[in-house]
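Chain naming here is simple, since letters A, B, ... match the order of the sequence lines and numbering starts at 1 in each. These numbers come from a predicted model, not from an experiment.
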There are 2 protein chains.
Amino acid sequence: MATLADVARRAGVSTATVSRIINNSPKPVTEALRERVLAAVAELQFVPNANAQQLARAHRSAVGVIVHDVSDPYFAEITRGLQRVATDNGRLVIICNSYRDPERELAYVDLLHAHRTAAIILAGSGYHDAPITARLDRKLRLYQSTGGRVAVIGRHEHAGDAIVPENEHGGWLAGDALYRLGHTAVGVIAGPRHLTTTTDRLAGLRRAARDHGHRLTTRHIAYADFDRAGGAAAAAELLGRLPGLTALAALNDSMAVGALACLRERGVDVPGQVSVIGFDDMPISVDVTPRLSTVRLPLEEIGQRAMSLALREPADGRDGPLVEHAAATLVLRDSTVSR
Amino acid sequence: MATLADVARRAGVSTATVSRIINNSPKPVTEALRERVLAAVAELQFVPNANAQQLARAHRSAVGVIVHDVSDPYFAEITRGLQRVATDNGRLVIICNSYRDPERELAYVDLLHAHRTAAIILAGSGYHDAPITARLDRKLRLYQSTGGRVAVIGRHEHAGDAIVPENEHGGWLAGDALYRLGHTAVGVIAGPRHLTTTTDRLAGLRRAARDHGHRLTTRHIAYADFDRAGGAAAAAELLGRLPGLTALAALNDSMAVGALACLRERGVDVPGQVSVIGFDDMPISVDVTPRLSTVRLPLEEIGQRAMSLALREPADGRDGPLVEHAAATLVLRDSTVSR
DNA sequence: ACCCCTCAGGTAAGCGCTTTCCCGGAAGGC
DNA sequence: GCCTTCCGGGAAAGCGCTTACCTGAGGGGT
């Protein structure tokens with residue numbers, strides 16, 4: 001394992017010079033020396049120890065990202081956006097999957113803090129659990145107090161920058177579309193109730209119902225996991241519970257796809273008998289039959305913007321945390337028709 | 001930013017003692033002292049600097065993973081498996097997206113080497129590009145010579161352990177299924193030609209053709225990107241080129257889904273007029289209409305096994321690199337019928 | 001009563017870099 | 001021709017930990 005000192009010895013210079021050359025620091029160095037050092041680096045196959053560099057250097061470089069699950073297309077899209085911006089800025093990204101477990105999320109914050117990452121990005125956080133939220137908040141504040149930057153994708157409930165998807169408005173868009181099409185018996189396939197994404201989207205749906213003179217009660221709502229299987233199960237439940245059902249609103253596309261599968265299995269025609277609307281506009285939504293109507297969220301862009309926030313110089317505005325919104329838009333395709 | 005020394009001072013002990021306690025080293029420490037130190041840690045909100053620890057310690061901990069693209073479901077599944085095992089072993093995973101760019105892949109190997117990760121896992125590597133392969137190989141060997149472990153998912157063409165998916169056999173399974181159903185004019189939607197995944201799967205398809213007394217020539221093959229859009233484009237191309245076409249074999253499911261979309265658009269009935277088979281058995285394959293026949297690869301399991309290989313003690317077998325295979329199996333669903 | 005062993009805890013030498021400060025020589029000004 | 005100014009390069013002090021080695025006190029054996 002060649003070290004900086006080995007290279008210096010080999011090239012007959014001091015370690016300071018080698019360091020300056022491999023980091024091409026502003027300090028000028030004679031061309032001849034530079035070449036000699038570079039040759040020594042190549043001969044010895046020297047790879048600087050990033051841990052030592054990090055320790056000796058003042059500034060931080062890598063960015064840590066905590067997501068629920070990269071294999072979920074929702075987060076995969078966001079992650080893609082995050083990486084793109086990070087790579088463009090020459091930053092290393094450390095991705096951590098919390099698998100929706102708040103404790104693991106907490107542990108990862110510690111871990112990234114310990115590694116002195118330049119920033120921590122929380123994607124899809126937000127739990128309805130006061131003790132957890134408080135602990136998370138404490139940890140994030142501590143991290144910030146040591147110079148780390150924090151960016152959150154989701155609700156703005158922690159110190160730090162945030163990019164906030166219009167979940168409530170999106171829910172309203174979905175509900176409004178359905179009611180406007182004449183549906184009155186609308187079932188809602190919701191995600192886990194302890195996630196704020198669920199409650200925010202649900203709130204929008206509720207508001208839409210009220211706007212059209214209806215009410216969304218517990219009977220109309222089935223909670224399940226934010227995935228295909230959860231969607232299928234919830235759809236089955238609602239079908240049993242709501243005899244006159246003519247429309248289903250799922251709080252994300254994976255669940256909507258699961259619902260579609262469930263309906264197909266039972267011989268219920270979509271959209272003929274039941275209309276279905278999803279949320280997120282994931283790639284899959286145009287590949288199912290019928291093509292899914294949904295509420296679009298610019299996921300990759302959200303990722304890019306979050307990384308930009310995380311990377312911005314703390315200097316450029318001592319004006320506190322920045323909060324940006326990401327617009328939800330309605331995308332009507334083939335799975336919704338008027339009643 | 002509290003340091004170990006601060007904690008030591010606060011608790012009135014030496015740094016050695018603090019270090020021993022926070023790492024609960026085997027060296028015994030009086031209970032009273034331990035409590036005092038832990039109290040100081042809590043008061044000062046001390047978070048050890050992982051870089052310093054890494055530098056001072058002999059052993060390495062984190063594992064680096066280089067994948068083509070986490071937002072691709074194929075890699076998302078694999079990554080999921082990798083993480084699971086890593087987390088179970090208390091290891092941090094650093095995920096790097098190469099976006100299928102060999103140069104970036106090379107750069108990431110350096111980066112992970114620099115960070116002195118315990119292991120590097122290459123997922124989906126394999127380029128038909130001798131210079132690149134040679135450079136990659138050199139870098140990996142150097143990394144290994146410094147004590148790093150290497151595991152590759154894909155062809156076993158580098159030093160280090162490997163888990164090898166049966167790509168050739170899988171291709172044969174797909175081809176055999178099609179020919180057995182009576183198809184003779186089979187078009188192949190292939191991935192980028194510089195990827196070994198493409199050529200391996202293609203080779204299997206070729207062998208199946210020969211086994212059934214047919215030949216797969218350039219006319220029958222369209223190369224495109226391994227995604228939905230690529231599949232659609234390639235399908236369009238083959239449709240134009242092969243008038244009598246009755247079956248399409250895509251080298252992954254994303255492309256197959258793209259092909260399905262293209263065929264639907266042109267009013268070609270699947271499987272009535274054209275049968276379609278995919279590869280990988282991604283989640284989406286059961287959600288499209290018709291449900292996709294495909295060749296299944298146990299992706300998550302592959303990830304788990306790769307991580308296990310990467311984590312195994314170098315000691316347990318000085319018997320050189322381990323090579324394991326991952327079986328491909330045929331999954332017939334609704335998109336293939338006999339002619 | 002003396003010696004040796006045990007064991008909790010401290011001392012200090014690194015780990016591999018970066019960077020401040022300093023030095024000596026060459027160049028420029030008068 | 002002498003003094004000042006630059007400028008390339010080196011010495012060395014950390015960065016925040018871990019750990020091999022040492023110390024001193026108490027306990028048991030003879």
Side-chain angles (χ1 to χ4, degrees), chain A residues 1-38 40-41 44-62 110-111 113-118 146-148, chain B residues 1-38 40-41 44-62 110-111 113-118 146-148:
Chain A
M1 194 73 270
T3 69
L4 224 205
D6 296 332
V7 175
R9 213 168 300 128
R10 186 98 175 68
V13 299
S14 74
T15 58
T17 305
V18 178
S19 173
R20 285 181 190 123
I21 292 176
I22 63 172
N23 294 302
N24 38 34
S25 88
K27 188 129 193 189
V29 173
T30 319
E31 198 49 37
L33 256 199
R34 175 185 307 281
E35 279 170 17
R36 229 166 68 218
V37 169
L38 257 19
V41 166
L44 265 34
Q45 304 195 286
F46 171 65
V47 179
N49 184 326
N51 295 299
Q53 293 190 133
Q54 188 59 35
L55 184 59
R57 266 202 274 254
H59 75 270
R60 304 153 162 216
S61 171
D110 276 342
L111 196 83
H113 181 161
H115 279 269
R116 303 299 188 263
T117 51
T146 69
Chain B
M1 192 77 268
T3 69
L4 226 204
D6 296 333
V7 175
R9 212 167 303 128
R10 187 98 175 66
V13 299
S14 74
T15 59
T17 304
V18 178
S19 172
R20 285 179 192 124
I21 291 175
I22 63 172
N23 294 302
N24 38 34
S25 88
K27 188 125 190 190
V29 173
T30 319
E31 199 47 38
L33 255 200
R34 174 184 308 281
E35 280 170 17
R36 227 164 71 215
V37 169
L38 258 20
V41 166
L44 264 36
Q45 303 195 287
F46 170 64
V47 179
N49 184 324
N51 294 299
Q53 292 189 133
Q54 188 60 34
L55 183 59
R57 265 202 276 254
H59 75 270
R60 305 154 159 216
S61 170
D110 275 343
L111 195 83
H113 181 161
H115 278 271
R116 303 298 188 264
T117 53
T146 68

Exercise. Look at the side-chain N and O atoms of A:Thr15 and state whether any lies under 4.0 Å from the OP1 or OP2 oxygen of C:dC17.
Key: no
Self-check item: Selection from C:dT18, D:dG16, C:dA12 that lies nearest to any side-chain heavy atom of B:Ala52
Solution: D:dG16
Self-check item: Audit row: B:Glu35, B:Leu38, side chain to side chain contact (heavy atoms under 4.5 Å, CB included) steps and yes/no
Solution: CA-CA 5 Å; B:Glu35 280 170 17; B:Leu38 258 20; 5.7 Å; no
Quiz item: Below 4.0 angstrom from OP1 or OP2 of D:dT18, is there any side-chain N or O of B:Gln53?
Solution: yes
Quiz item: Mapping B:Lys27 and A:Val29 to their closest nucleotides on DNA chain D, which lands nearer the 5' end?
Solution: A:Val29
Quiz item: Tell me: CG of A:Asn23 to P of C:dT20, nearest whole Å?
Solution: 13 Å
Exercise. Could you tell me whether the phosphate oxygens of D:dG9, OP1 or OP2, come under 4.0 Å of any side-chain nitrogen or oxygen in A:Thr30?
Key: yes
Quiz item: What heavy-atom pair brings B:Ile22 and B:Phe46 nearest, and what distance separates the two atoms?
Solution: CD1-CE2, 3.8 Å
Quiz item: Between A:Arg9 (CZ) and C:dC17 (P), how many Å, whole number?
Solution: 12 Å
Quiz item: In whole angstrom, what separates A:Leu4's CG from C:dC15's P?
Solution: 13 Å
Quiz item: Does B:Ser14 put a side-chain nitrogen or oxygen below 4.0 Å from OP1 or OP2 of C:dG10?
Solution: yes
Quiz item: Taking the side chain of A:Ser19 as its heavy atoms from C-beta onward, which of C:dT18, D:dG16, C:dA8 lies nearest to it?
Solution: C:dT18
Quiz item: What is the distance from CG of B:Asp6 to C1' of D:dC17, rounded to the nearest Å?
Solution: 13 Å
Self-check item: Reported NE2-to-CD distance for the pair B:His115 and A:Gln54, which is rounded to 0.5 angstrom
Solution: 7.5 Å
Quiz prompt | base_contact_polar (C:dG10 base, B:Arg20 side chain, donor-acceptor, <3.5 Å) | solution = yes
Quiz item: B:Glu31 has an atom CD; how far is it from atom C1' of C:dG9, in whole Å?
Solution: 15 Å
Exercise. Let me know the distance between CG of A:Asn51 and P of C:dC15, rounded to the nearest Å.
Key: 15 Å
